[in-house]
Structures are given as structure tokens and as C-alpha cells.
Amino acid sequence: MEWPNFYSNAYGTNNQMVSGLLSEMVIDEQMRQYRKRVLYQEIDDALVGKNKELFLKLTDELKVIMAYEKV
């Protein structure tokens, strides 16, 4: 008789699940960092072009990202 494996789930073993979650966290962080770099450049361009509406839109998005990072 084989004993049931209480440590596995639909995603495989706990180690695989933790590894997958860590990978997602790293990818999410890298995506946020990339978006911040792009936003800083776009904000600079909006300032140079004196585009107030675009500047406000981009800075609002940047504020959301930075607020998320403080949590």
C-alpha cells in the first residue's frame, strides 16, 4: 500500500510551488522597475514638450507604482 502524499497539490510539490511563486515575484518586480524607467523617460519627454496633460497622467501612474513599493 502506498502512503498518500499530503505535501503535493495541483502545482506539484511545495518546493515547486514556492519556486514558482518566487519566480512570479521576481518577474513582477522586474516589470515594475522597467515600467518606472520608461515612465521617467516619458515624463522627461512630456516636460521637454511642455505637455501638461501627459505629464500629469504619467506622474499619476508613477505614484501608483511607488505607493505599491512602499507596502
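Counting from 1, the numbers follow the sequence of the chain as shown.
Rounding to the nearest 0.5 Å places CG of Leu22 at 11.0 Å from CD1 of Ile27. A distance of 6.5 Å separates CG of Asp28 from OH of Tyr68, quoted to the nearest 0.5 Å. Within the model, atoms CE of Met66 and CG of Leu39 stand 10.5 Å from one another, a figure rounded to the nearest 0.5 Å.
None of Met31, Arg37, Lys36 except one satisfies the side-chain contact (heavy atoms from CB on, under 4.5 Å) rule with Tyr34; the exception is Arg37.
Connection of Ile43 to Ile65 is established within a shared hydrophobic cluster, with ILVMFWY side chains joined at heavy-atom distances below 4.5 Å, either directly or through further cluster members. Val48 and Leu54 are assigned to two separate hydrophobic clusters, defined by single-linkage of ILVMFWY side chains at heavy-atom distances under 4.5 Å.
When side chains are defined from C-beta on, Val64 does not count as touching Asp60, because their heavy atoms never get closer than 4.5 Å. At least one side-chain heavy atom of Gln33 sits under 4.5 Å from a side-chain heavy atom of Glu69.
Taking the salt bridge (charged side-chain N to carboxylate O under 4.0 Å, His left out) definition, one finds that Arg32 meets it with Glu29, sequence neighbours left out. Remark: Lys57 engages no residue in a salt bridge (charged side-chain N to carboxylate O under 4.0 Å, His left out) (not counting sequence neighbours).
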Please determine whether side chain to side chain contact (heavy atoms under 4.5 Å, CB included) holds for the pair Leu58 and Tyr40, giving the CA-CA distance in whole Å, both sets of side-chain angles, and the decisive distance to 0.1 Å. CA-CA 9 Å; Leu58 296 170; Tyr40 281 125; over 6 Å; no
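Under the 4.0 Å criterion applied to side-chain N and carboxylate O atoms, Glu42 and Arg35 are assigned as salt-bridge partners.
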